[in-house]
Number of protein chains: 2
Amino acid sequence: MITIKKVAQLAGVSTATVSRVINNSGYVNGKTRDTVESIMREYHYVPLDSAVNLSKQESSTIGIVIPEIDNVFYSEILHGISEVADENGLSPIIFDTQNNAEKEARALRLISRQRVRGLLLAPAVDYAKTSLGKELKDILTDLQIPVVIVDREADGISWDSVFYQNYESSFAVAEALYHAGGRRMAVITGDLKLKIGRDRLNGFAAGLKLTGLKLRKDDIYEGNFLEPMAYELSRKMLMKRSLPDAVYTCNNRTSLGFLKAAGELGIQVGKDIGLMGNDSLRILDELGIPFSCAYRDTAEMGRIALRLLLKRIDHPDDPREIYRMPFSIALRGSEKKLS
Amino acid sequence: MITIKKVAQLAGVSTATVSRVINNSGYVNGKTRDTVESIMREYHYVPLDSAVNLSKQESSTIGIVIPEIDNVFYSEILHGISEVADENGLSPIIFDTQNNAEKEARALRLISRQRVRGLLLAPAVDYAKTSLGKELKDILTDLQIPVVIVDREADGISWDSVFYQNYESSFAVAEALYHAGGRRMAVITGDLKLKIGRDRLNGFAAGLKLTGLKLRKDDIYEGNFLEPMAYELSRKMLMKRSLPDAVYTCNNRTSLGFLKAAGELGIQVGKDIGLMGNDSLRILDELGIPFSCAYRDTAEMGRIALRLLLKRIDHPDDPREIYRMPFSIALRGSEKKLS
DNA sequence: ACCTCATGTGTAACCGATTACACAATTGCT
DNA sequence: AGCAATTGTGTAATCGGTTACACATGAGGT
């Protein structure tokens, strides 16, 4: 490894001068600068981040913790984050927790050693409720690092956040299904222990209420945002004697589980039963499979989250900001029941 | 920030002793250890990675550079990598290059400042051919860091690698299509400037040859592994007067582009025309959409890549290793032409 | 009683950068 | 000509850890 000391030696100057050249700070004679620069180029000198970080007391990495890296939704968010990180010369350290609280704890502990510039966090744990969550919150608070919570809303969090209009979008889905002709609706919820799960259910129920409809208790299927559960619940629902007119599936995985079950049972979505999801499944559109849903621009959500973090880093004392990602409604045919 | 010095002071010992407690090295009296540990716990002390890295001359981060983070294929690889990283207490710094050479250059430069433990790289650039590629190769070589090349094979690379049986799987696809009854085959290739693109084409052609078939020049559609191009080429192919019996789409995005075009034109895959891809599209299986292909266990591929890197880190002088990820063939109906 | 060795702890150099401060040389202004 | 301000460079402390080395203590063996 070639160090600043060697560069200085080869250029016949002190390390201070080399450092000035690197950082474009202080006074440096043009000729000296040229010499130093050519030496650096010749020897492929690259300053060592850990040394720079240590002396400058800051780093150029950001921490990112997400619950499912292999879910399109999150990988699109990562795409957006990566873009903004690239624009700003930041290195993203990414942890995939697979919705596992212990993994999340390990990730945060690793992050806390890195003195990252800031943290983007989509928690798997409800920080207000579980004891591990509380401990993690302490770790983060101690860190004194800017944090932006992404997507997963939870009680008792006081950091900047980029959330989704969970309630509003669900409300809109209810209206859309009503306008498509649905009268008896069912819903496969997400994890109701999470605020996001409750919001989506409540928004949907409220939307129905406005149209004068009521959500029957036994038309509420309590899921967990994951496919296997959604699949099982869908089978249960679809094998009953009387089907609802339309179903609301609360996230992309839930929608997938439903579609799979419906497909297997020969029930045609958009004909035998109406369906709307929340979160798009781009691939379905591409394949021309009708799938109506409320959705948001996920990559943009990542961009916004990181930009918010950067803003917070520059202005640590501004009041807390909560951005509510707006939704769009895509009607592609699956919302209707024709028969 | 609480530092080792403060901990030492509070515990009434020297920093050396605290360090010994942290690293479980040297001799430390049981009582002293207890004191130090309780102080560390009480004050939430966490050693600063950049300081540790600097003095230990090593780090616990690994660099990862991939071309499309929002492609399921890569996000599943990342899932596998994350798993092994977690098991080994490593922090993955992930860069998404979006197949852009300049982005890749920036990513590698950032990585080179970090003194990462090692690098997993799926290059967007052919390191032997473009001048930027050569420069990047120099950067990497200078780094003296273990590198494992993932998925994207290129000429003139001498690092450990985890590749796919590109040739063999394509060969097998040709055979499978033949056995399904196809006689005139077409192929939508990937980027033929890349070795992987050529291998998949050549393997397919060789497979056909073995069965006595020949791949006609105008049945070769030169794509670039991306959807829009595949879509255009597919339209072109499908709007011709005479269709081939079956088509080989060289990667998942190409398959998607084809399916979209076929869907739009009302051509039923698995009936009007046979189709096999390379790379699975899990979601299609889940939805019960027939799609036959050669595929591999992608998450496993990520795991293997990182394990290979770790092995290399421990044994820098072992001979170069190339792992060729085996393929499986999934026949789900789309390979046939029935009419 | 003496020596050896294991145990326990502290001192201080070091990792590779940055930067406050000191100092010299040159420039510009009256 | 005299002095202040600007320009250019080096010395050395510092960031927060690790670790080689020195040293002290006590146990065990003869």
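Chain letters run A, B, ... following the sequence lines, proteins first, then strands; residues in each count from 1.
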Gap between atoms [atom1] and [atom2], on [X] and [N] respectively (whole Å):
| X | N | atom1 | atom2 | value |
| --- | --- | --- | --- | --- |
| B/Glu58 | C/dG16 | CD | C1' | 16 Å |
| B/Ile4 | D/dG16 | CD1 | P | 11 Å |
| A/Ile22 | C/dT19 | CD1 | P | 11 Å |
| B/Tyr45 | D/dG16 | OH | P | 10 Å |
| A/Lys56 | C/dT18 | NZ | P | 6 Å |
| A/Gln9 | C/dA17 | CD | P | 13 Å |

Q. Sub-3.5 Å donor-acceptor pair from the side chain of B/Glu76 to the main-chain atoms of A/Asp70, do we have one?
A.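 Looks like no, no N/O pair under 3.5 Å.
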Can you see if the side chain of [X] gets near the phosphate of [N] - specifically, an N or O under 4.0 Å from OP1 or OP2?
| X | N | value |
| --- | --- | --- |
| B/Ser50 | D/dC15 | no |
| B/Thr32 | C/dT9 | yes |
| B/Gln57 | D/dT18 | no |
| A/Tyr27 | D/dG8 | no |
| B/Ser14 | C/dG10 | yes |

From the list C/dT9, D/dT18, C/dG10, which nucleotide is the closest neighbour of the side chain of B/Asn29?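 Taking heavy atoms from C-beta onward, the closest nucleotide is C/dT9.
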Which nucleotide wins on minimum distance to the side chain of A/Ala16, given the candidates C/dG16, D/dT11, D/dG8?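 Nearest nucleotide to the side chain: D/dT11.
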Could you check whether [X] gets within reach of a base, just the sugar-phosphate, or nothing at all, counting any heavy atom under 4.0 Å?
| X | value |
| --- | --- |
| A/Asp49 | nothing |
| B/Val18 | nothing |
| B/Asn53 | nothing |
| B/Ser19 | base |
| B/Gly12 | sugar-phosphate |

Item to complete: Nearest-nucleotide wise, let me know which of B/Ala51 and B/Ser25 is further upstream toward the 5' end of DNA chain D.
Response: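 Here B/Ala51 is the residue nearer the 5' end.
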Judged by each residue's nearest nucleotide on DNA chain D, which is more toward the 5′ side, B/Ile2 or B/Arg20?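 It is B/Ile2, whose closest nucleotide lies nearer the 5' terminus.
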Is a side-chain donor-acceptor pair under 3.5 Å present for B/His44 with A/Asp138?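 Short answer, no.
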